[in-house]
K.L.:
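Please find one structure pasted underneath; my questions will follow.
Quick caveat: nothing in here was measured; it's all calculated off a predicted structure. Each chain gets a letter, A, B and so on, in the order its sequence line appears, and its residues count up from 1.
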Protein chains: 2
Amino acid sequence: MSRRKEKYQRLADCSCDRIRRSARQVTQLYETMLREVGIKPSQFTILATLANSGTIALSPLADQLMLDRTGLTRNLAVLERNGWVRIQPGPHDQRQRVVALSNLGFDKLDQAIPHWRRAQQALSKKAGETTLVDLRENLLKISKQLS
Amino acid sequence: MSRRKEKYQRLADCSCDRIRRSARQVTQLYETMLREVGIKPSQFTILATLANSGTIALSPLADQLMLDRTGLTRNLAVLERNGWVRIQPGPHDQRQRVVALSNLGFDKLDQAIPHWRRAQQALSKKAGETTLVDLRENLLKISKQLS
DNA sequence: TGACATAAGGTGTATATACACATAAAATTG
DNA sequence: CAATTTTATGTGTATATACACCTTATGTCA
């Protein structure tokens, strides 16, 4: 394989690949914990955000979650099917749809919180609290610089 | 909304959500740069890995990439359709399939590298080199602790 | 007010990620 | 060597992510 050169070895330093790998691993840890209550990490995040925001239209919710709007639509369809959120036409603007956590959604969130906490603690224990704090700080910094 | 309490505000400190957001943002930066040569970040990573590994069976490749094996299968199907990789039955083990970069794949990789470098540099510039180095270090540390 | 621009949202399509389950080949073992 | 176990891989299914394009409602301005 004459084309296998040192030149290609540096490609391993890809920051995109690096963060994606870690994100997959962390996600799997949280999925394992949250699976016990039948909820996914991304669903948990949406429920938690809705618990704080109250009724909110789709686009500002997507902004707040830094999520793609079209992906949010489809994710919310699942949450609605599960009865965790209510989606209604916007009260003033007929283009809007506003979403809010239902009582069932609050229940599911309450039920999930202890498992989420276990995931947070497990990650902290495995990664080391200092490393994790530094990491989160740097991730936040980078997020702000990229938005 | 009587159930909107401080209790839910702490949920914003989710490490899983934090890393996933940043991963999305970083991925989008790389996608923007790599789109010009018609290749995705994850495809780039696979091509780069294959350039270094040479012919390799699917499972060890998935291990090396820390990728789900079944996802790799489907990703490779696209790469094969594009003519960037060759997939053949394993020479000794009839269960295996071994994959290798084709000449077209090396060409595509060579073509993509300058754009990937631009993405790396853009990220470094936006995030700050120090922050980025720290981040990568912590990500690597966490990856090792979680694997 | 009517024409046009803008904003909110949905749909189609492609890839990414992960798990449960299925199949076939190879390895092991009695 | 035949039966069983393990290994390598594929398939079905569900969700995640992103972009291009479409529709409809709202806003703007001549």
K.L.:
Whether A:Gln28 contacts C:dA18 is assessed here as follows: a side-chain N or O lying under 4.0 Å from the phosphate OP1 or OP2. Is that the case?
P.N.:
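It does, given that an N or O in the side chain of A:Gln28 lies less than 4.0 Å from OP1 or OP2 of C:dA18.
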K.L.:
Walk along nucleotides 2-10 of chain D from 5' to 3' and tag each nucleotide B, S or - by protein heavy-atom contact under 4.0 Å, base first, then sugar-phosphate.
P.N.:
-----BSBB
K.L.:
Identify which one of B:Asp110, B:Thr49, B:Asn52 satisfies the side chain to side chain donor-acceptor pair (under 3.5 Å) criterion when paired with A:Tyr8.
P.N.:
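That would be B:Asp110.
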K.L.:
Assign each of B:Pro41 and A:Thr32 to its nearest nucleotide of DNA chain C by heavy atoms, then name whichever residue's nucleotide is nearer the 5' end.
P.N.:
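It is B:Pro41, whose closest nucleotide lies nearer the 5' terminus.
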K.L.:
Figure out the CD/P separation between A:Gln43 and D:dT17, and round it to whole Å.
P.N.:
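After rounding, the reported distance stands at 11 Å.
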K.L.:
Judged by each residue's nearest nucleotide on DNA chain C, which is more toward the 5′ side, B:Arg81 or A:Gln25?
P.N.:
B:Arg81
K.L.:
Between A:Val78 and A:Gln94, just flag the one whose closest nucleotide in DNA chain D comes earlier from the 5' side.
P.N.:
A:Val78
K.L.:
Are any non-hydrogen side-chain atoms of A:Met66 and B:Gln25 less than 4.5 angstrom apart?
P.N.:
yes
K.L.:
Can you check the B:Glu36 CD to D:dC19 P distance for me, whole Å?
P.N.:
14 Å
K.L.:
A side-chain contact here means heavy atoms from C-beta on lying under 4.5 Å apart; do B:Val99 and B:Arg86 qualify?
P.N.:
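The answer is no, as the side chains (C-beta and beyond) never meet within the 4.5 Å cut-off.
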K.L.:
Give a yes or no on whether a salt bridge exists between A:Arg118 and A:Glu36, defined as a side-chain N under 4.0 angstrom from a carboxylate O.
P.N.:
yes
K.L.:
Run the numbers on A:Arg136 and B:Ser15 for side chain to side chain donor-acceptor pair (under 3.5 Å), then give the verdict.
P.N.:
CA-CA 7 Å; A:Arg136 291 174 46 84; B:Ser15 297; 3.2 Å; yes
K.L.:
Can you find an N or O donor on one side and an acceptor on the other, under 3.5 Å apart, linking the side chain of B:Arg74 with the base of D:dG12?
P.N.:
yes
K.L.:
Measure the distance from NZ on A:Lys40 to C1' on C:dA18 and round it to the nearest whole Å.
P.N.:
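Checked: the NZ to C1' distance equals 7 Å.
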K.L.:
To the nearest angstrom, how far is B:Arg24 atom CZ from D:dT15 atom C1'?
P.N.:
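Nearest whole value for this atom pair: 13 Å.
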K.L.:
Hey, which of A:Leu47, A:Ile113, A:Thr45 is the one that makes side-chain contact (heavy atoms from CB on, under 4.5 Å) with B:Leu11?
P.N.:
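The single option meeting the side-chain contact (heavy atoms from CB on, under 4.5 Å) with B:Leu11 is A:Ile113.
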K.L.:
Send over the distance from A:Ile39 CD1 to D:dT15 C1', rounded to a whole Å.
P.N.:
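Taking CD1 of A:Ile39 and C1' of D:dT15, I get 13 Å after rounding.
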K.L.:
In terms of the nearest nucleotide of DNA chain D, which residue is placed more toward the 5' end: A:His92 or B:Arg35?
P.N.:
B:Arg35
K.L.:
Give the rounded distance in Å between these two atoms: CD of B:Glu31 and P of D:dA20.
P.N.:
11 Å
K.L.:
Base, sugar-phosphate, or nothing: which does B:Arg21 touch, judged by heavy atoms less than 4.0 Å apart?
P.N.:
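Nothing: the residue B:Arg21, judged by heavy atoms under 4.0 Å, touches no strand.
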K.L.:
Within the side chain of B:Ser102, is there an N or O that forms a donor-acceptor pair under 3.5 Å with the backbone of B:Gly83?
P.N.:
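Yes, because the side chain of B:Ser102 sits within donor-acceptor range (under 3.5 Å) of the backbone of B:Gly83.
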K.L.:
Whole angstroms only, please: what is the OH-P distance between B:Tyr30 and D:dA18?
P.N.:
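Taking atom P of D:dA18 as the reference, OH of B:Tyr30 is at 16 Å.
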K.L.:
What is the separation between atom CG on B:Leu29 and atom P on D:dC19, rounded to the nearest whole Å?
P.N.:
12 Å
